[in-house]
Amino acid sequence: MTETQSPSSSPTDDSPGFHEAARREKLRRMIELGHDPWGSRYDDRSLMRELRARAGEIRFVQASGKEVEIPDRAAEPDLDFRGWLQDQGKGEMRGPKVRAAGRIVLSRDAGKLRFLNIQDWTGNIQLLVGKAQVGEANWALAECFDLGDIVGASGMLAFTKTGELSIFVEELTILTKCVAPPPDKHAGLADPELRQRMRYLDLAYTDGVRERFLQRTKVVQSIRSTLGKQGFCEIEGPTLHSIAGGAAARPFTTHHNTLDIDLFLRIALELHLKRLLVGGMERVYELGRVYRNEGISPRHNPEFTMLEVYQAFGDYRSMMDLTEAIVADAIEAIDGNFKRPWGESVIDFSPPFDRKTYDELFAEHTGVDPQDTAAVAKLAESIGFDTAGKHPDVIKSEVFEEKVEDALVGPIFVIDYPASICPLTKRKKSNPNVAERFELFVQGMEVANAYTELNDPDLQEQLFKTQLAGLSEEDSMAKMDHDFIRALKHGMPPAGGLGIGIDRLVMLLTNSPSIRDVILFPLLRPEA
RNA sequence: GAGACCGUAGCUCAGUCGGUAGAGCACGGCACUUUUAAUGCUGGGGUCGUGGGUUCGAGUCCCACCGGUCUCACCA
């Protein structure tokens, strides 16, 4: 901001930055004409969506005084509007007086007549500005407008001769001058780096971007509403943890000066929510950011949004029903279409989703008996995995990820995981080697993960102490948290718990191939 | 962290065999009171990501670096 030129500097057509210079010249002229180029409060405007809804109020008044309804061009797309209008003979359009404000995204001028398309976040509308109609002062202002300027207009809502709904402007207001040249008016921004670094431009000028992020908002609002209706209570847990538990991921570290202690940014919400179950908060959730110091990919961002829900006296099966309800309600909130496009294919989110056990899917996709540890190890080695010194369940899960997960088109609940890789999950009564856990897979992506929560403090302590052979402590979900064990000793009710990756859910629901398409400001290396 | 590909005007993109940098949009000027990515005429706009090297000559070939995209690794 320190390099701003004075508004009085003249445009120089032969220097780099001449686009800005030309715009600053118009800014100077606006000031000269007595306008504030940075605008102020602008009341009583209608949104573009509202204006389009009012098109039905417009009438053509014939010379005789007879009012004629305007044909609905949506119902008659082939109508020759110009011809229809001529057939009505002499007369004039009459429509409501309206005010609107928005950014100029298109501009055409035809001598002493200008057409401006202005856009707000509900749509756009054409302004018709005629020199004779608006008078010299407004016309002089209109001559200072550029693409990208934010302007206000008041006038009559009516149709032009070609049938385009327009505001026939009577008064113009500059609300904010745009001094930087905008992206291509048609193509918007295409360079993925620019789209992320200058998200404001991507939102303002690239087709569909604002809509996608508004859909994300609808999904999040819908989730809160679904949970609220079922009596769940939203809480805010700490994001600074002294033990980064609840998941297996490398944490970001930070430091508190006064206490002189190192802290971690949370990698999961789990352990604090379960403490709340102990405290008698029977249905709780948190929807918030977690941080994992891992790689960046089309499906991973170092900070992402997680939903975790805990329901006392439930189990992982109640969480399956809840997951389906959350997804179904979110789809209803967007557009109600359960068969959703995904690239070249279509995902059918109609509940109920498929449910298959881990072992069933393992056998189906590998042809190997999941109980036959020797055969599983042999398969792992044939894929190229090193099996030496690894727990059989670790080997099995490596094979599962390699051979099964990518093939899960879904939506499908994978249920009943090997217990040894689930240190926070209750075991099945019928088989202690199996954990009551499911993950929801869609297009090979893990979207949700849920357990019947382990509430036995002694078993939990033991599992925290046990590092599975073949996993480093960093790779392990088992991190000793004495305070959490102490909480369990006071009695955590049997419960179901659920985690949903919100970014990935939004990706799937909005047909977005990269997580960066649904995160407003994904992590980027700083510019040089 | 490894590999492949990419970086040219404000934006979107061409650029052949190594031979003085191109288009559309945008921008300036002129014309036009019913346009729809308006149109017609006209003008200006470039440190080809950065720095080296090869060459008589580099946007183009080579090396390093910066940034991005994808794949892999990591994310049990």
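Both backbone and side-chain heavy atoms feed into the values below; hydrogens, waters and symmetry mates do not.
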Colleague: Is A:D184 side chain donor-acceptor paired with the B:G24 base, going by distance under 3.5 Å alone?
Modeller: yes

Colleague: Determine whether the aromatic ring centres of residues A:F400 and A:Y358 are separated by less than 6.0 angstrom.
Modeller: yes

Colleague: Between A:R437 and A:Y451, is NZ or CZ placed under 6.0 angstrom from the six-membered ring centre and within 45° of the ring axis?
Modeller: no

Colleague: Run the salt-bridge test on A:K396 and A:D359 with the 4.0 Å N-O cut-off and return the result as yes or no.
Modeller: yes

Colleague: Do A:E170 and A:K97 meet the salt-bridge criterion of a basic N to acidic O distance under 4.0 Å?
Modeller: yes

Colleague: Does the side chain of A:K356 reach to within under 4.5 Å of the side chain of A:I412, using non-hydrogen atoms?
Modeller: yes

Colleague: Quick one, which residues of residues 102-111 of chain A touch RNA chain B with a heavy atom under 4.0 Å?
Modeller: A:L106, A:S107, A:R108, A:D109, A:A110, A:G111

Colleague: Between B:A76 atom P and A:K390 atom NZ, what is the distance in whole Å?
Modeller: 15 Å

Colleague: Does OP1 or OP2 of B:U34 have a side-chain N or O of A:K112 closer than 4.0 Å?
Modeller: no

Colleague: So, OP1 or OP2 of B:A26: does either fall under 4.0 Å of a side-chain N or O from A:K185?
Modeller: yes

Colleague: Distance only, no hydrogens: is a donor on one side chain within 3.5 Å (strictly under) of an acceptor on the other, for A:Y316 and A:D416?
Modeller: yes

Colleague: Please determine if a side-chain N or O atom of A:R516 lies less than 4.0 Å away from the OP1 or OP2 oxygen of B:C70.
Modeller: yes

Colleague: I want to confirm an ordering. Mapping A:S397 and A:L128 to their closest nucleotides on RNA chain B, which one lands closer to the 5' end?
Modeller: A:L128

Colleague: Is there a side-chain polar atom (N or O) of A:R197 under 4.0 Å from OP1 or OP2 of B:G68?
Modeller: yes

Colleague: What distance do A:L165 atom CG and A:R73 atom CZ have between them, rounded to the nearest 0.5 Å?
Modeller: 9.5 Å

Colleague: For A:Q126, which contact category applies under a 4.0 Å heavy-atom criterion: base, sugar-phosphate, or nothing?
Modeller: base

Colleague: Taking only residues two or more places apart in sequence or in another chain, which ones pass side-chain hydrogen bond (donor to acceptor under 3.5 Å, both in side chains) with A:K274?
Modeller: A:E270, A:E453

Colleague: Determine the Euclidean distance between corresponding P atoms of B:C48 and B:G7; express it in Å to zero decimal places.
Modeller: 14 Å

Colleague: Can you list every stem that RNA chain B is part of, counting only runs of 3 or more consecutive Watson-Crick or G-U wobble pairs with both distances under 3.5 Å?
Modeller: B:1-7 with B:66-72, B:10-13 with B:22-25, B:27-31 with B:39-43, B:49-53 with B:61-65

Colleague: State which residue, out of A:H35, A:R29, A:R28, fulfils the side chain to side chain donor-acceptor pair (under 3.5 Å) condition with A:E32.
Modeller: A:R28

Colleague: Could you pick out which residue, A:L524 or A:G295, lies toward the 5' side of RNA chain B when each is mapped onto its nearest nucleotide?
Modeller: A:L524

